[in-house]
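Working notes, structure below.
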Amino acid sequence: MGNFRVIYNDTDASAQARTVLNVKTGLVVLTLLCFSCFLYTITVILHIFFSSPHLKDNVRYLLFAHMLINDTAYLVSGLFLFLAAIYTLYLPLPVCYFVYTVATVTFRVTPYNLAIMSLERYVAICFPLRQGELVTVRKGVAAIGGMWTLGLIPNLADFITFSPFIGMLRPIVCSQGALTVRPEQGTIRFYTYTLTFTLVALVILFTYYKVLMVARSIGSDKSSALKASKTVMLHAFQLLLYMTSLLSSMVETYPFNYITYLPFSSFLLFTCLPRFLCPLIYGLRDEVIRKYVKKMHSPKH
């Protein structure tokens, strides 16, 4: 009787392990399919951007193209770390820390990009006569450089804290938890994310209020100011979506054995989905880009 119970328990555990593996594989395949669609969409949009001189000279589209490239780098690095974690792939510590740095820097750059895009709309609507002077491609490139500088600063502080351990070449399963060896690193992350999202939210709210006031003073439902206010509101919505990505890192505190599907579903919903929606929210709703997409896919093309 005892042997029968042992065999039954082993069979039950084996069936449960197969179910977990099937669900894990299904979620990974779904993520990769969504990622492939995302790559196709941004490839089309970036092709339109780089092949259209008048778009490359427009700061608005320059910032949008930069956000797509940045989100792609984030998804590639994040997807690599996710697959390495769920399939228990051991990586040398320096390699793990480099990929982790790419993922965290690109994660922080996106809110900065949204703030600059909101400020660009604010200048275009509230200071239309000075837009050509205040908003130039050169200043746009400088703003992008500033974003990456701000994004790298917390990682430099984290690296200084972590540097005594970087010489260890023992392979590890790469995750944020594995790279957190001192409490100061958690403090740096907490204040960085809090300050970043608070400041960006304030910038977006300020620009939305100013642009909305101009739209109301004009009093036309079809005014460019009203369209700009809706665009800024989309920036706020996108920022909210990106903030949900923080929930994905929170679930790392739960053991995989107790909440089996939570890490997989949270990565897909909170980390990937906001980036997958970006080309749809900004790209395909834009009249200029939509016109080029229709032209590319027309039978006569």
Side-chain angles (χ1 to χ4, degrees), residues 28 31-32 34-36 38-39 42-43 46 65-113 141 143-197 242-243 245-253 256 263-264 266-268 270-272 274-276 278:
V28 169
T31 303
L32 292 176
C34 293
F35 183 66
S36 299
F38 170 81
L39 280 181
I42 67 164
T43 300
L46 291 177
H66 170 256
M67 185 165 65
L68 289 181
I69 296 171
N70 179 79
D71 282 353
T72 303
Y74 173 77
L75 281 175
V76 170
S77 56
L79 188 60
F80 175 80
L81 293 176
F82 175 71
L83 294 176
I86 65 172
Y87 288 111
T88 320
L89 176 64
Y90 285 83
L91 299 173
L93 186 57
V95 174
C96 172
Y97 195 82
F98 172 77
V99 179
Y100 170 76
T101 298
V102 173
T104 52
V105 172
T106 50
F107 177 80
R108 282 190 292 267
V109 166
T110 297
Y112 300 147
N113 202 95
V141 173
I144 291 173
M147 296 177 207
W148 283 90
T149 301
L150 286 175
L152 277 169
I153 289 175
N155 285 82
L156 291 176
D158 183 85
F159 179 77
I160 292 173
T161 305
F162 186 74
S163 57
F165 304 89
I166 202 69
M168 297 186 302
L169 297 178
R170 178 177 57 85
I172 62 171
V173 177
C174 196
S175 67
Q176 179 175 288
L179 294 174
T180 303
V181 295
R182 300 185 63 176
E184 291 86 352
Q185 293 175 272
T187 304
I188 292 172
R189 295 188 192 110
F190 173 78
Y191 284 107
T192 298
Y193 290 138
T194 302
L195 187 62
T196 295
F197 284 101
Y242 285 135
M243 289 179 67
S245 299
L246 296 175
L247 298 175
S248 181
S249 61
M250 290 172 57
V251 301
E252 290 185 3
T253 59
F256 277 34
F264 316 128
S266 67
F267 177 79
L268 180 61
F270 300 139
T271 300
C272 297
R275 272 79 186 175
F276 293 157
C278 180

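Every heavy atom of this structure was used, including side-chain atoms; hydrogens, water molecules and symmetry mates were not. Everything numeric here is computed off the predicted structure, so don't read it as measured data. For the single chain, residues carry numbers from 1 onward in sequence order.
- Between the CG atom of L156 and the OG1 atom of T161 there is a distance of 11.0 Å, given to the nearest 0.5 Å.
- Between I42 and T72, some side-chain heavy-atom pair lies under the 4.5 Å cut-off.
- Scored by the ring pair (Phe, Tyr, Trp, His ring centres under 6.0 Å) test, Y100 finds no partners at all (sequence neighbours excluded).
- Contact detail for G151 and V105: the closest heavy-atom pair is O-CG2, 3.7 Å.
- Counting only heavy atoms from C-beta outward, the side chains of L150 and V109 never approach each other to under 4.5 Å.
- Put simply, CH2 on W148 and NE2 on H66 are 5.5 Å apart, with the number rounded to the nearest 0.5 Å.
- Although no hydrogens or angles enter the test, the distance criterion places a donor-acceptor pair under 3.5 Å between the side chain of Q185 and the main chain of L179.
- Here the shortest heavy-atom pairing between A103 and T106 reads O-OG1, 3.0 Å.
- Closest heavy-atom contact between T194 and F190: OG1-O, 2.8 Å.
- One finds the CG atom of L75 at 10.5 Å from the SG atom of C34 (value rounded to the nearest 0.5 Å).
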>> Checking L46 against I69 for the side-chain contact (heavy atoms from CB on, under 4.5 Å) test, could you report, in this order, the C-alpha distance in whole Å, the side-chain angles of both residues, the deciding distance, and whether it holds?
In response: CA-CA 9 Å; L46 291 177; I69 296 171; 4.0 Å; yes

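- Taking CE of M67 as the start and CG of N113 as the end, the distance is 6.0 Å to the nearest 0.5 Å.
- Shortest non-hydrogen contact noted between A84 and V173 is O-CG1, 4.2 Å.
- The aromatic rings of F107 and Y193 lie perpendicular to each other, with more than 60° between the two planes, well past the 30° mark.
- Side-chain contact between D158 and Y97: present, with at least one pair of heavy atoms (C-beta onward) separated by less than 4.5 Å.
- Annotation: ring pair (Phe, Tyr, Trp, His ring centres under 6.0 Å) contacts of F35 (sequence neighbours excluded): none.
- Here T196 contributes atom OG1 and Y191 contributes atom OH; the two are 14.0 Å apart, rounded to the nearest 0.5 Å.
- At least one side-chain heavy atom of L91 sits less than 4.5 Å from a side-chain heavy atom of F80.
- Between D71 and T110, the closest side-chain pair of non-hydrogen atoms falls below 4.5 Å.
- Taking T101 as the reference, nothing meets the side-chain hydrogen bond (donor to acceptor under 3.5 Å, both in side chains) condition, with sequence neighbours excluded.
- The shortest distance between side-chain heavy atoms of V99 and C174 does not fall below 4.5 Å.
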